[in-house]
Structure formats: C-alpha cells, structure tokens
Participant: 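The following block contains the structure, expressed as structure tokens.
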Amino acid sequence: MATLNQDDMKIMANTTSTQDTRALSLNGEWEFRQAGTELWHKATVPGCNFTDLMTAGLIDDPFYRDNESKLQWIEKEDWQYRKTVVLDDTFLSAPRIQLVAEGLDTFCDISINGQPLASTDNMFVGHRIDAKELLRIGENYIDITFRSPILETMPRYKAAGYAYPAENDKSEEKLSVYCRKAPCHFGWDWGPRFVTSGIWRNIAFESIGNTRIEDVYYRLISLDDAKATISFDVTLDDALPVNSQLEVTCKQIPGFTTTVTHSAFENNGTQIVLEIDEPKRWWPNGMGEAFLYHFVFEITSQQQTLNRYCQSIGLRTIEVINQPDDLGVSFFLQVNGHKVFMKGANYIPADSFLNRMSTERHATLMDSAVSANMNMLRVWGGGIYQDDAFYRLADEKGLLIWQDFMFACTLYPGDTAFLENVRREAEYNIKRLRNHACLALWCGNNEVDMAIKHWEWPEKFGYSEEVYAGLKQDYKALFDQLLPSMIEQFDSARFYMRSSPIGFWEEDADHIANHHFWGVWHGEQPFSEYQKRIPRFMSEYGFQSFPIESSFKKFTVPGDWDLHSDVLRVHQKHPRGNQLIHSYMDSEFLPPKNFQQLLYLSQVQQAEGLKLAFEAHRSAMPFCMGSLYWQLNDTWPAASWSGIDYYGKWKALHYQAKRSFAQHLLVVTETEDCVNVQGVNDSLHNLDANLELKVVDFRGNVLWSVANDVELTANSSERLFVLDKTELNGFAFEGVVLIASLTRGDVKLAQSNFYFVSHRTLALPKEEITLHAEIKEDMLYVTLSSTVLHRHVFVEAADLTANFSDNFFDLLAGEAKVISLPLTTTPLTVREQLTDAIKCQSLVDSYTG
Ligand code: BMA
C-alpha cells in the first residue's frame with residue numbers, strides 16, 4: 001500500500017514536484033497474478049510478468065540452460081496487476097489528477113476503484129490520463145490487466161487469411177506485426193522468444209494545480225563562433241493564470257534569466273527566442289566536449305514556483321548529406337560544418353526484460369562505446385525507442401544516435417486503426433526525442449525495402465499478386481506518407497529516410513548511399529570481401545562469436561559444453577550459426593584443442609575479420625564515411641554478432657574496435673608486389689609525425705627497418721608508404737611481423753602489426769608469458785612480458801564484471817605490456833585472492849602441438 005509522503009515525490013518525466021504539481025510515484029511494490037488463478041504474488045514496478053514470476057519463485061531463470069521453451073505458456077495468459085494507494089485530501093484537492101504511465105506493455109485495461117479508466121495497445125506510447133473523478137480520500141485500488149498479446153491478435157491473423165512475412169517471429173502465426181511491441185520479443189536470430197506483459201516504465205499520479213508545462217520544443221536558428229540564436233516553443237496544458245509568469249534560467253549562461261508575462265501567451269503557448277554570445281558548441285566523442293546548456297523553465301507566482309520543466313540542449317549543427325555526387329550518391333554526416341566519419345555499432349535492447357535496464361547499465365554500455373572511440377550508435381528498428389536515460393547519456397557522452405522507428409524485416413498492416421496507432425507512437429516519440437543533441441537522424445525501418453526486392457516473400461509465403469500489391473501499398477502508406485509527414489510536422493529540420501539499407505549487398509551498387517553488407521556471414525564469402533565491398537556508408541555488417549568463458553559458465557553447466565548439446569542449441573538462434581563459425585575457422589586457424597579454446601578462437605576470428613572491415617572503411621574516406629557494425633551488445637547470453645556479451649564483458653571484437661576506431665590509424669595492406677601503409681587522421685588538425693616500419697622475427701630480432709617523416713592532412717586518409725616486396729626477399733614470412741608505428745615526439749599515435757601469412761601458418765614459438773599482478777588504489781595492474789611474440793593474448797581475472805584496459809593483444813618479444821582493471825566494485829574478499837587467480841593465454845595455446 002502506498003501513502004503519499006514527501007519522499008515519494010519523485011521526478012516524473014520532465015516535471016518536477018513543485019507547489020502546484022506533485023507526483024506520487026506508484027513505482028515499487030505491487031501484486032500480480034495470472035488471470036483465472038486465485039493467489040496474488042508480490043510484483044515490482046517497473047517490471048514484467050517474467051521477472052515477477054521469477055522473483056516469486058514460480059519459474060526458473062528464463063536465460064538459464066534450456067528454460068526458454070518451458071516458459072512459452074506465459075505469452076498465452078492474461079496478467080493482472082494491482083496496487084492500493086492512500087490519498088489524502090490535500091493531494092485530492094488539486095483541480096486535476098492524472099495517471100502518468102510512461103510505458104504499458106501492451107494490451108491493457110486500467111481501472112481505479114473498480115471503474116474502468118482507459119485501455120492501451122502500444123508499449124511505445126506514454127500516457128497521461130485524467131483520473132480525479134475516480135479517486136477518493138483514503139484507500140484507492142488500481143488494477144491493470146494485461147491481455148495476452150497472442151490471444152488479442154490471433155483473430156486478426158485468422159481474418160487476414162495470410163501470414164505477414166515476419167521471419168524472425170518464431171511462431172507460425174506471425175502475430176508480432178499486429179502488436180506495437182518490441183519486435184524482438186517474438187524471437188530474433190540472436191534472441192529468445194519471451195513475449196512479455198507488464199508496467200515496464202515509471203507510473204505515478206500527478207496532481208496539477210493550475211497549469212503545467214507540457215512541452216518545450218527547442219530549435220537552433222543560427223550558430224557561429226560569436227553567437228547562437230535559438231528558440232523554445234513552450235506549450236502549457238492549460239491557460240497561464242493571471243499574475244503568473246514563465247521564468248527561464250540557465251546556469252551555463254552567467255546572469256541569464258528571462259521572464260515571459262501572461263500577455264505573451266496565445267492558445268496556451270509562447271515562443272522564446274534567445275541569443276547566446278560566444279556559444280560553446282556540442283561535439284561528438286573524439287572531436288571535443290559534448291557541452292550542454294541546462295535550461296530551467298518555471299511557472300512562478302508571487303515568488304513561488306508552481307511548475308518546473310528542465311531541458312538540456314547542445315548547440316551544434318548537423319546535416320546528413322545524401323545526394324548525387326561525382327562518385328554516386330553520398331551519405332555522410334556534417335557536424336558543426338565538418339564532415340565526420342561515423343564509427344560505431346548497432347544497439348539492440350540490452351535485456352529481454354527491459355525493466356532490468358537501469359541508468360547504470362545504460363551508462364556502462366555507453367562508456368564502453370566511448371572507450372572504443374565510437375561516435376555513433378544506431379538504435380535498431382527491431383527493438384524499442386530507448387529510455388530517456390539512454391538519450392540523456394548519449395547527449396552527455398557525445399554519442400550521436402541513428403534512430404530507427406520500430407519496424408524491422410517484415411511488412412506491416414495498413415488499416416486505419418493501425419496507422420492511427422503508429423501516428424500516436426510517432427508523435428509521442430518524436431516529441432520525446434527531438435530536443436536531444438545526440439539525435440542525428442530518423443530512419444523508417446530496418447531492411448524492409450531490401451527485403452521487398454530480394455527476400456522472395458511472395459514465393460516463401462505464397463502471396464497472390466493482389467495480396468502482395470496490397471501489402472506493398474500499405475508499406476508506402478506507412479513509410480512514404482505517415483512517418484515522413486510526422487517528421488515534417490514535429491521535427492522538420494531532421495533527416496528522415498525510409499529504410500536502411502538503401503541498396504542490397506548482392507547488387508553491385510556500393511557507390512549509392514548506405515548499405516548493410518552481409519556477403520561475409522550470410523553470403524558465406526571470405527572476410528577479404530570486406531576490403532572490396534566498400535560503400536558510401538555501412539550501417540551493418542558483422543560476424544558471430546560465442547560469449548567469453550566466464551560468461552558461459554553463468555548460464556550453463558559443464559555437461560552442456562558441446563555445440564550440439566540441447567542447451568547450446570537454444571543459445572544459438574541462427575540456423576547456420578555454428579556451422580558458419582566453424583567453416584570460416586577451418587580455413588584460417590588450426591583446430592581448437594577443446595571447447596574453451598573454441599570460444600576463445602571464435603572471438604579472435606570475429607575480431608580479426610571485422611578488423612579488415614574497420615580498416616577498409618576508414619581507409620576509404622571520404623568515399624566511405626561511416627562504419628556501424630552489427631552489433632554492440634546482447635539481449636541475453638548467446639552466440640551472437642556482439643562485441644560485448646550480455647554480462648558486459650568485452651569480447652576481442654570490442655578491443656579491436658577500440659584500436660581500429662582510434663583517432664589516428666595505420667592500415668597495412670598487401671598486393672602481390674608491395675606493402676601499402678595508409679594513414680587515417682580523424683582529427684581536425686594536420687599532423688607531422690614519424691612513420692617507422694620494421695620487420696621483426698618472433699624472438700625480437702629486427703631484420704629490416706625504415707623511418708620517414710610524414711604529413712597527414714586533417715580529417716583524411718592518405719597513402720604514407722609503399723614498400724616494394726622485393727626488399728623483403730629472403731625473409732621467412734611465417735616467422736616475422738611487420739610493425740608500422742606513427743610517433744610524434746615521445747608519443748606513439750598509432751601502431752599496426754601486419755603478418756604475411758594466415759594464422760594457421762604462423763610459426764609461433766611456445767614459450768611462457770611472465771605475468772606480474774598487483775593492486776594499487778582500487779586498480780589491478782597486470783604486467784606481461786615474454787622473450788617471444790605472442791598473438792592475441794587473453795588475460796582473465798576471475799569472474800570480474802569490469803574489463804581490462806586492453807586484451808586480446810599481440811605481445812611483442814621483449815616488450816613489457818601493462819594493462820589495468822578498476823576494482824572499485826570488487827569486494828575485499830575477492831581482491832585478496834585476485835592476484836593469484838589471473839590467467840593468460842595466447843593463440844599458440846589454442847591448438848595441440
Ligand atoms: C541484420 C539485422 C538483424 C539481424 C542481423 C543478423 O539484418 O538487421 O535483423 O539480427 O542482420 O542476421
């Protein structure tokens with residue numbers, strides 16, 4: 001039972017509790033039960049039926065072993081949630097009281113004190129519902145019943161007479177298309193099928209005195225070094241009381257305050273135009289500070305704040321240049337007037353059970369992205385419009401967001417009710433996100449354009465010509481008419497495109513805009529194709545690996561450690577996944593000697609493969625101006641394309657991304673006759689540096705070297721050196737490495753190690769790595785050295801969730817390499833044992849012999 005007290009006055013959305021508006025959070029303890037059963041159990045809000053069932057001890061952990069299939073009954077049931085809340089007359093005396101529900105998943109009926117209040121049908125929409133009439137002094141009963149998404153939509157499927165082509169929806173009936181709910185809840189090629197129900201975001205009662213600030217729409221009018229001109233369209237939800245005014249302050253602008261009087265309001269709205277002298281710009285990660293101005297809007301009367309609204313903004317211009325040019329059709333971002341190469345990855349929901357995503361977990365993932373030198377994440381269309389905290393963090397950390405609308409890999413209905421539902425969803429989310437400095441562009445859907453042309457849906461799903469024509473008509477209504485019109489209405493300055501990608505990888509049209517290249521993996525082409533198939537912008541490409549060993553142990557038992565085991569088959573959702581990992585591995589690596597080594601090698605292979613793509617894309621700038629790989633993170637523990645596993649552990653890929661996305665990069669490639677060294681400089685400054693190339697054997701003997709002063713133009717990729725291979729005649733290539741390094745004074749800006757033969761052909765000496773570990777001030781330092789070269793050195797520190805500063809690196813003969821790991825969250829008992837529990841291995845330990 002909740003009672004109204006000061007501590008409960010939580011911040012809801014953008015409204016802070018003030019004199020006139022008070023929020024009583026309804027988060028926390030609720031009760032729930034399966035409809036039709038007697039017993040009520042404890043529930044937690046925000047939450048969902050799966051996590052509540054688990055906490056109540058009614059089901060086992062859905063992620064553990066092969067539990068997924070045992071829990072499919074849950075989606076076919078209705079779920080009831082209830083809470084009792086005590087309200088006093090002060091709270092109830094406000095002219096209006098609203099139920100503010102930021103996310104309800106998905107088909108639900110809300111009642112208060114036994115009287116129906118509202119029904120909802122879209123998890124992506126937040127609600128504000130007038131509730132005063134149903135409330136009373138004392139105990140109030142709130143009931144929310146979630147109807148099964150399956151039972152709810154089955155009649156529509158039956159009436160349609162055909163199934164929509166939702167190939168990732170792991171049921172015959174393909175009901176996901178009728179639900180405005182995370183598509184990946186119904187299954188994906190990296191995720192389980194858990195069709196959740198519940199109150200998945202904050203919920204509260206808000207008592208409102210006179211009026212509240214409903215919306216503040218920020219726009220940049222002009223920006224140069226001397227001055228920024230900006231505007232705020234402020235909308236109130238009712239008339240501003242006479243004798244009240246709107247005050248605007250901003251701590252980042254010393255002495256700034258402005259007051260808007262009652263008379264400046266028209267139809268409950270007003271526009272405020274401001275000039276900021278010597279503005280500080282917002283920059284993406286790697287280019288400067290992501291500076292934010294924090295504005296506070298307050299309705300005040302007689303020195304009292306009646307209502308408050310906070311809005312942070314970043315001053316930057318951003319353009320997506322997508323137009324015909326000499327080379328085809330461009331696709332690049334221009335931020336504050338500079339062309340910026342986008343480095344990043346695709347972001348999927350980081351938990352099947354979205355309520356488990358805290359601000360801290362979002363922050364950890366984003367910090368990982370920032371550490372890997374990324375400047376963009378794509379919020380992919382098969383998941384969710386992310387939480388407010390996600391975009392706030394992206395603003396603060398300088399991560400640009402490519403935002404898909406939540407449609408992926410299938411066609412969708414086009415009836416009036418469906419379009420109206422999407423219209424509300426689009427309006428709600430565009431308004432919620434449009435003020436964020438991080439928001440770079442809108443994209444209608446993931447891969448539907450490409451699928452219509454190339455995935456042979458009529459054949460696979462048996463559509464008549466007439467049915468397919470109708471489905472394509474509906475596609476146009478949604479993505480060519482409805483969504484662009486919503487952008488035009490609510491966020492007209494931002495770029496919208498219908499679908500990603502524009503082209504298809506089986507067609508030879510890389511010079512046209514943005515692509516997803518799946519020749520490697522789905523098309524089973526070799527990794528070297530990454531070097532040939534370079535588009536203007538690459539918004540997806542990737543390769544699978546398994547999670548790291550310590551993570552594997554968390555969801556399996558040793559008896560499961562065989563890729564053919566029932567349990568591991570559940571955690572590999574791609575039908576050809578294990579087979580593809582193996583077949584690529586066979587051609588490049590010696591066979592792994594056991595299961596643990598297979599996990600390790602799968603990660604090394606993924607990183608080495610994608611390294612070719614990272615380097616090829618960046619070397620090809622400005623022709624190519626973006627590289628977003630598939631995928632940053634995981635939704636559960638499984639084999640997948642991710643660089644960070646479900647538990648937050650960085651795989652080899654994430655470390656490789658960090659190296660390959662560094663501001664300065666050296667790329668060494670080989671043709672039949674020569675070795676080329678390309679330099680990439682993402683900074684906005686020209687660079688004078690020294691380039692050194694040396695050929696070194698695996699015991700550290702330098703066999704050949706050359707050094708040159710080089711100049712690297714700002715924001716460019718340039719050929720720095722061409723080495724005639726005849727110079728290297730006589731070297732045993734299986735036993736040498738070419739090390740290219742770029743230095744300026746004492747600072748090493750970039751290094752690249754190039755091997756002339758495949759991993760399986762390398763003659764790696766088998767000698768120990770000397771390891772020394774010590775703990776100093778909450779940090780673990782590990783120093784590694786060896787008299788011989790070790791490839792892909794992997795260091796593991798027990799079961800810690802933090803990641804080493806570097807891992808899966810090459811240790812050069814005679815080099816002492818120090819890596820570190822923060823221990824701030826590690827308990828003392830674990831720390832005491834830690835230095836003895838550190839293990840390390842390298843490639844040479846992965847095979848027999
Ligand atoms: C891309 C994505 C996802 C998918 C991934 C791997 O097409 O858009 O739909 O999970 O490939 O197959």
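Counting starts at 1 for both ligands and their atoms, following the listed order. Worth saying up front: this structure is predicted, and the values here are computed from it rather than measured. Basis for what follows: all heavy atoms, side chains included, without hydrogens, waters or symmetry-related copies.
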Participant: Between OH of Y178 and CE of M154, what distance do you get to the nearest 0.5 Å?
Facilitator: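 It comes to 10.5 Å.
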Participant: Once the angle between the rings of W518 and W641 is folded into 0 to 90°, is it parallel (under 30°), tilted (30 to 60°) or perpendicular (over 60°)?
Facilitator: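 Perpendicular: the ring planes of W518 and W641 meet at over 60°.
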Participant: Should you measure from each heavy atom of W190, which atoms of ligand 1 turn up under 4.0 Å away?
Facilitator: 10 (O)
Participant: Using the test salt bridge (Lys or Arg N to Asp or Glu O under 4.0 Å), find all partners of D404 that sit at least two apart in sequence or belong to another chain.
Facilitator: R378
Participant: Looking at ligand 1, is there an atom of it that comes within less than 4.0 Å of some heavy atom belonging to C409?
Facilitator: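 Flag set, C409 near ligand 1.
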Participant: Between the main-chain N or O of M374 and the side-chain N or O of N285, is there a donor-acceptor pair closer than 3.5 Å?
Facilitator: yes
Participant: One residue to check: A408. Relative to ligand 1, which of side chain, backbone, both or neither has a non-hydrogen atom less than 4.0 Å away?
Facilitator: neither
Participant: Just by modelled atom types, is the C438 backbone N or O under 3.5 Å from a matching donor or acceptor in the D395 side chain?
Facilitator: yes
Participant: When you compare ligand 1 with H516, is there at least one nitrogen or oxygen pair between them that comes in under 3.5 angstrom?
Facilitator: no
Participant: Starting from atom 4 (C) of ligand 1, locate the nearest protein heavy atom and write down its residue, its atom name and how far away it is, to 0.1 Å.
Facilitator: D189 OD1, 3.5 Å
Participant: Just need the protein heavy atom nearest to atom 5 (C) of ligand 1, so name the residue and atom and give the distance.
Facilitator: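 The closest one turns out to be W630 NE1, 3.5 Å.
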Participant: I need the contact type for E447 against ligand 1. Using non-hydrogen atoms and a strict under-4.0 Å cut-off, is it side chain, backbone, both or neither?
Facilitator: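 It is the side chain that touches ligand 1; the backbone stays farther off.
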Participant: Between Y385 and F124, is the ring centroid distance below 6.0 Å?
Facilitator: yes
Participant: For Y463, what residues pass the ring-ring contact (aromatic ring centres under 6.0 Å, His included) criterion, not counting sequence neighbours?
Facilitator: F461, Y468
Participant: Can you find a side-chain donor-acceptor pair between N445 and S499 that sits under 3.5 Å?
Facilitator: yes
Participant: Run the numbers for me: atoms of ligand 1, each under 4.0 Å from some heavy atom of N446, listed by number.
Facilitator: 8 (O), 9 (O)
Participant: Got the closest protein heavy atom to atom 9 (O) of ligand 1, with its distance?
Facilitator: W188 NE1, 3.0 Å
Participant: May I ask you to decide if T196's main-chain N or O and K181's side chain share a donor-acceptor pair within less than 3.5 Å?
Facilitator: yes
Participant: Considering only heavy atoms of H522, which atoms of ligand 1 have at least one such atom less than 4.0 Å away?
Facilitator: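 Atoms satisfying the 4.0 Å criterion: 6 (C), 12 (O).
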Participant: Note the single closest protein heavy atom to atom 11 (O) of ligand 1, along with its residue, its atom name and the distance in Å.
Facilitator: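 Heavy-atom neighbour on the protein nearest atom 11 (O) of ligand 1: W518 CZ2, 3.3 Å.
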Participant: With a 4.0 Å cut-off on heavy atoms, is W521 in contact with ligand 1?
Facilitator: no
Participant: Between E540 and ligand 1, is there a nitrogen or oxygen pair with a distance under 3.5 Å?
Facilitator: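 Yes; at least one N/O pair falls below 3.5 Å.
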Participant: Is there a polar contact, in the sense of an N or O pair closer than 3.5 Å, between H574 and ligand 1?
Facilitator: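 Min N/O separation from ligand 1 is not below 3.5 Å for H574.
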